[in-house]
Amino acid sequence: MTLATPYAPGSEQWTDARLLYALEEVVEKELNRHLKIAKDWMPHEYVPWSDGRNFDGPLGGDPWEPEQSKVTDIGRIALVVNLLTEDNLPSYHHEIATLFGRDGAWGTWVHRWTAEEGRHGIVMRDYLLTSRAVDPVKLEEFRMAHMSEGFESDNRHSMLHSVAYVAFQELATRISHRNTGHQSGDPVCDRMLARIATDENLHMVFYRNLLRAAFELAPDQTMSAVRDVVVNFRMPGHGMPGFERAAAQMAIGGIYNLRIHHDDVLQPVLRHLRVMEIGGLGPEGLKAQEELGLYLDGLDGEARKLDERLAARRARIEARKAAAGA
C-alpha cells in the first residue's frame, strides 16, 4: 500500500515557526494522551537503601573496591554511560526549550519531559552509590568532565530534524537501558532500568506521533530530515570521556550495536510510520527516501559483518574454555 501525499510544485517551504504553530494542536493531543497513560513513580522505591554504607572521606567509611559490586563488568560500563547521558539533562532542556518554546502545549510538554527524565538520573545515581556498583570517585570525575563540556545537538538548526532525532533517540535509550538491565546480573538493577525504559518508550511514542503529523504537513521536508538524522545518527553521550571505548565494549556485550540499532531502533519507527511507502513526494522528498533506503541496506550489511565477527569471537572464547578444561 502506498500512502499518497499531495505534492504542489513550487509550494512554500515550512519554516520552524509555521510548523510549531501548525503542530500545536497535535502536541496538545499527544500531551493529554501521555498524561493519561504515564504513571508517576517514586525513585526511592527502586533503591536498595539497606545495602548502603558510608564511603571513605569525611564520614570515615569504607573505600570502594570492585568486588563490592553486584553487577557484571559490562553492566558497570553501560550503567556509567547511561547515567552520564542522563546527567546532561540541563543541556537537553535548554536545547528543546529553545527550539520548541516555553509557552502553550509545547512548553508544557518540554517541562513535563524534563521532570520525568530527571527521575532517571536520580534513581540511577542513588542505586549505583547505595549498591556500590561503580567507583564513586570515577563516576563524579566523569560527570564533572561531561557536564563541563555541555551538549550541543547535531540537529539544533532545525525543529523537524530535532523531532526526527528524538523519535529514534528515545527508543535507542529505552533499548540501551533495557539491555543493560538484562545483562547487569542484579535483579534490582534490572527492575529499576525496566521502569526507566517504560518512560523512554512513552517519550518515543509522543515524538513518533508528532513526526507522523509532520509528514502529513510537510512530507518532503520531513523525509529529508529523517534521512539526515538516520544517516548521521549519534547517541547524545558521544562527547563523554572514553565514550568510544565504552561503546565498543557495549557493542561486543550485546547492549547496543549496529544490529540492535538497525533492527530494534531504526526499523520499528520507520515501519510504524511507513516511511518507505509514502508516495506523492516531490523531487527532494523522493531523493531523500531513496537515499534513506540505500543507507539502510548498507547499514544492514555492516551489521551482518559485525554479527559474523561477534560470532567468531564467541567461538574462539568457547574453544579456549574447552581447551583449558580438557
Applying side chain to side chain donor-acceptor pair (under 3.5 Å) to Asp186 and Ser131, what does each step give before you reach the verdict?
CA-CA 10 Å; Asp186 181 8; Ser131 66; 5.4 Å; no
Enclosure of [X] [atom1] (heavy-atom neighbours >12, cutoff 6.0 Å):
{"X": "Gln267", "atom1": "CD", "answer": "yes"}
{"X": "Glu149", "atom1": "CD", "answer": "no"}
{"X": "Asn54", "atom1": "CG", "answer": "yes"}
{"X": "His34", "atom1": "NE2", "answer": "yes"}
{"X": "Met144", "atom1": "CE", "answer": "no"}
{"X": "Tyr21", "atom1": "OH", "answer": "no"}
{"X": "Arg33", "atom1": "CZ", "answer": "yes"}

[X], [Y]: one ILVMFWY side-chain cluster at the under-4.5 Å cut-off?
{"X": "Tyr207", "Y": "Leu35", "result": "yes"}
{"X": "Leu296", "Y": "Ile278", "result": "yes"}
{"X": "Leu202", "Y": "Ile122", "result": "no"}
{"X": "Val230", "Y": "Met276", "result": "yes"}
{"X": "Leu294", "Y": "Val231", "result": "no"}

Evaluate the criterion side-chain contact (heavy atoms from CB on, under 4.5 Å) for residue pair Asn209 and Val26; output intermediate values, then yes/no.
CA-CA 8 Å; Asn209 292 350; Val26 179; 5.9 Å; no
Is the distance between the ring centroids of Tyr46 and Trp41 under 6.0 Å?
yes
Counting the benzene-type ring for Trp, do Trp109 and Phe100 have ring centres under 6.0 Å apart?
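Centroid distance Trp109-Phe100: not below 6.0 Å, so no.
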Is a side-chain donor or acceptor of [X] paired with a backbone partner of [Y] at a separation under 3.5 angstrom?
{"X": "Thr222", "Y": "Ala214", "value": "yes"}
{"X": "Tyr92", "Y": "Thr85", "value": "yes"}
{"X": "Glu302", "Y": "Leu258", "value": "no"}
{"X": "Ser176", "Y": "Thr173", "value": "no"}
{"X": "Asp16", "Y": "Met159", "value": "yes"}
{"X": "Trp64", "Y": "Val134", "value": "yes"}
{"X": "Trp106", "Y": "Leu20", "value": "yes"}

Sub-4.5 Å side-chain heavy-atom contact between [X] and [Y]:
{"X": "Val71", "Y": "Leu79", "value": "yes"}
{"X": "Gln169", "Y": "Val166", "value": "yes"}
{"X": "Glu170", "Y": "Phe206", "value": "no"}
{"X": "Arg102", "Y": "His111", "value": "yes"}
{"X": "Val265", "Y": "Tyr256", "value": "yes"}
{"X": "Asp51", "Y": "Lys70", "value": "yes"}
{"X": "Trp113", "Y": "His203", "value": "yes"}
{"X": "Val81", "Y": "Ile255", "value": "no"}

Checking Tyr127 against Val188 for the side-chain contact (heavy atoms from CB on, under 4.5 Å) test, could you report, in this order, the C-alpha distance in whole Å, the side-chain angles of both residues, the deciding distance, and whether it holds?
CA-CA 9 Å; Tyr127 164 80; Val188 175; 4.0 Å; yes
Look at [X] together with [Y] and state whether they make a salt bridge at an N to O cut-off of under 4.0 Å.
{"X": "Lys287", "Y": "Glu290", "answer": "no"}
{"X": "Glu116", "Y": "Arg112", "answer": "yes"}
{"X": "Glu308", "Y": "Lys305", "answer": "no"}
{"X": "Arg259", "Y": "Asp307", "answer": "yes"}

Heavy atoms only: give me the nearest [X]-[Y] pair and the separation to one decimal.
{"X": "Thr180", "Y": "Ala78", "answer": "OG1-CB, 3.3 Å"}
{"X": "Arg178", "Y": "Ala197", "answer": "CD-CB, 3.9 Å"}
{"X": "Val110", "Y": "Thr114", "answer": "O-OG1, 2.8 Å"}
{"X": "Ser162", "Y": "Leu99", "answer": "OG-CD1, 2.9 Å"}
{"X": "Arg195", "Y": "Asp199", "answer": "NH2-OD1, 2.9 Å"}
{"X": "Gln289", "Y": "Val275", "answer": "NE2-O, 2.9 Å"}

So, taking the atom named [atom1] in [X] and the one named [atom2] in [Y], what distance separates them when rounded to the nearest 0.5 Å?
{"X": "Glu284", "Y": "Met223", "atom1": "CD", "atom2": "CE", "value": "12.5 Å"}
{"X": "Cys189", "Y": "His182", "atom1": "SG", "atom2": "NE2", "value": "11.5 Å"}
{"X": "Met240", "Y": "Met235", "atom1": "CE", "atom2": "CE", "value": "9.0 Å"}
{"X": "Ser224", "Y": "Leu286", "atom1": "OG", "atom2": "CG", "value": "10.5 Å"}

Cation over ring face, Arg234 and Tyr165, 6.0 Å, 45°:
no
Go through the steps to decide whether Asp87 and Arg125 satisfy the test side-chain contact (heavy atoms from CB on, under 4.5 Å), and finish with yes or no.
CA-CA 10 Å; Asp87 276 335; Arg125 176 165 280 99; 2.8 Å; yes
Stepwise side-chain contact (heavy atoms from CB on, under 4.5 Å) check, Thr130 with Arg53
CA-CA 7 Å; Thr130 300; Arg53 62 185 190 274; over 6 Å; no
Asp126 and His44: CA distance, side-chain angles, deciding distance, side chain to side chain donor-acceptor pair (under 3.5 Å) verdict
CA-CA 8 Å; Asp126 285 348; His44 69 271; over 6 Å; no
